[in-house]
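A quick write-up on the structure given underneath.
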Protein chains: 2
Amino acid sequence: MRQPDHPAIDTVQLTEVLAALADPVRLSLVATLADGGARTCGEFDLPVAKSTLSHHMKVLREAGILTSRVEGTRCFVALRPELEDRFPGLLGRILALAAPPLTG
Amino acid sequence: MRQPDHPAIDTVQLTEVLAALADPVRLSLVATLADGGARTCGEFDLPVAKSTLSHHMKVLREAGILTSRVEGTRCFVALRPELEDRFPGLLGRILALAAPPLTG
DNA sequence: TTTCATGTTCGTCGAACATCGAACATGGTG
DNA sequence: CACCATGTTCGATGTTCGACGAACATGAAA
C-alpha cells in the first residue's frame with residue numbers, strides 16, 4: 001500500500017472542512033480521534049462497510065482533518081495537528097458541541 | 001406570501017448546521033448577516049439566480065441559522081439568535097475564520 | 001508459497017443537491 | 001384596475017454524495 005497524499009494545509013478551504021464534518025459517520029470518527037491518539041481503521045466500530053469507511057477516511061484526509069500512515073498492512077489515522085494552525089479553535093468548538101462518538 | 005416556518009431550535013442537528021454552512025454562497029450570506037442586522041433578500045449581491053438564492057435562504061432557515069419575516073412584498077432575513085443557545089460559540093468561530101463576504 | 005488480515009480502488013446504484021428559467025403569488029404604485 | 005417589484009414554487013438538468021460488494025494490493029503468518 002502506498003502512503004496516501006495529504007493536501008498542503010494552506011490549500012484547505014473552510015467550506016471543505018465543514019462539509020467533511022457535516023456527516024454523522026465522519027463526525028463520529030473525528031470525535032473518537034479527539035484524544036489525539038492514533039488508531040487503525042479497523043478499530044472504529046461503525047455501522048458501515050469497510051469500503052465506505054475507507055471513503056470517509058479519504059474525505060477527511062483530503063479536507064486536511066486527519067493524517068493516514070501506512071504501517072505494514074495496517075493504516076494508522078490521527079487528527080492532523082496543522083488544522084489547528086489553519087483554522088484555530090474550529091475543531092475544538094465543533095467537537096465540544098458534538099454528541100459523543102457512535103458505537104456499534 | 002405566508003410567513004415561513006422555522007424549526008424548533010432543539011430539533012436542529014449539528015451536522016445539519018455544518019452542512020448548511022458548507023457552501024460558499026450560504027457562508028457568504030451568513031457572513032453578511034454577522035453584524036446582527038436584518039436585510040431583504042434582494043440586498044445580497046450574489047452571483048446566483050433569485051430562485052437559487054431563495055433556495056439557499058430556505059436551507060439556512062431550516063438549519064436554524066436564520067429567520068425570515070415577510071413584510072409586504074419583501075422578506076427580511078437575519079441571524080437567528082437561539083442558534084447561539086443551541087450551539088454556543090459555533091457560528092462565531094466559523095465566521096471568524098471565514099473569508100469576508102463575496103460581492104458581485 | 002499459500003493463506004489470512006487489512007485496506008484501497010472500482011463500478012454501480014439511488015438519493016440529495018445546486019442551479020436555472022418559467023410560472024406564480026402577493027402587495028405596493030400609478 | 002393595470003403594472004411593477006419582490007420572492008416563492010415548480011420542473012428540468014446535471015452533479016455530487018453515501019452506500020454497497022467485488023476485485024485488487026500488500027504484508028504478515030503458517
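Below, all heavy atoms of this structure are taken into account, side chains as well, without hydrogens, waters or symmetry copies. The chains referred to below are lettered A, B, ... by the order of the sequence lines, with proteins before strands, and numbering in each begins at 1. As the structure is a computational prediction, the values presented were derived from the model and not from experiment.
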At a cut-off of 3.5 Å, list every protein nitrogen or oxygen paired with a nitrogen or oxygen from nucleotides 25-30 of chain C, distance to 0.1 Å.
residue, atom, partner, partner atom, Å
C:dT26, O3', B:Met1, N, 3.2

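Atom pair B:Phe76:CZ and D:dG7:C1' shows a separation of 13 Å (rounding to whole Å applied). Put simply, CD on B:Gln3 is 14 Å from C1' on D:dT6, counting in whole angstrom units. If you measure from atom CZ of B:Phe44 to atom P of D:dT8, you get 12 Å, rounded to the nearest angstrom. In this structure, the CZ atom of A:Arg69 is 16 Å from the C1' atom of D:dG27, given to the nearest Å. Distance, A:Leu60 CG to C:dT8 C1': 16 Å, rounded to whole Å. Atom P of nucleotide D:dT6 and atom CG of B:Leu46 are separated by 16 Å, given to the nearest angstrom. Note: CZ (A:Arg61) to P (C:dG7) measures 13 Å, nearest angstrom. The CG-P distance, from A:Asp23 to D:dT16, rounds to 18 Å in whole Å.
Applying the side-chain hydrogen bond (donor to acceptor under 3.5 Å, both in side chains) rule to B:Arg74 yields no partners; only residues at least two apart in sequence or on another chain are considered. In terms of the side-chain hydrogen bond (donor to acceptor under 3.5 Å, both in side chains) criterion, residue partners of A:Arg61 (sequence neighbours excluded) are, by chain and number, A:Ser68.
Taken residue by residue, residues 8-17 of chain B places no heavy atom nearer than 4.0 Å to DNA chain D. Within residues 50-59 of chain A, the residues approached by DNA chain C to less than 4.0 Å at the level of any non-hydrogen atom are A:Lys50, A:Ser51, A:Ser54, in residue-number order.
Among the heavy atoms of the strands lying under 4.0 Å from B:Val48 are primed sugar atoms or P, OP1, OP2 only; no base atom is included.
B:Met57 places a side-chain heavy atom less than 4.5 Å from the side chain of B:Leu29. Side-chain atoms of A:Thr40 and A:Cys75, non-hydrogen and from C-beta on, never get closer than 4.5 Å to each other. Between A:Val77 and A:Phe44, the closest side-chain pair of non-hydrogen atoms falls below 4.5 Å. Counting heavy atoms from C-beta outward, B:His6 and B:Leu66 have side chains that stay 4.5 Å or more apart. No side-chain heavy atom of B:Arg2 sits less than 4.5 Å from a side-chain heavy atom of B:Val70. A 4.5 Å side-chain heavy-atom check between A:Leu33 and A:Ile65 finds every atom pair outside the cut-off.
Judged by closest nucleotide on DNA chain C, A:Cys75 is the one of B:Ala19 and A:Cys75 placed further toward the 5' end.
Listed by first then second residue, pairs satisfying salt bridge (charged side-chain N to carboxylate O under 4.0 Å, His left out) with a partner in residues 9-25 of chain A number zero, not counting sequence neighbours.
The shortest heavy-atom contact between A:Leu46 and A:Ser28 is CD2-OG, 3.8 Å. Contact record, B:Asp35 with B:Arg39: OD2-NH2, 2.7 Å, taken as the closest heavy-atom pair.
Side-chain N/O atoms of B:Thr40 include one lying less than 4.0 angstrom from OP1 or OP2 on D:dG7.
Side-chain proximity of A:Ala49 to the nucleotides C:dT6, D:dG18, D:dC20 is greatest for D:dC20.
Applying side-chain contact (heavy atoms from CB on, under 4.5 Å) to B:Val17 and the options B:Leu83, B:Leu60, B:Leu91 leaves one that passes, B:Leu83.
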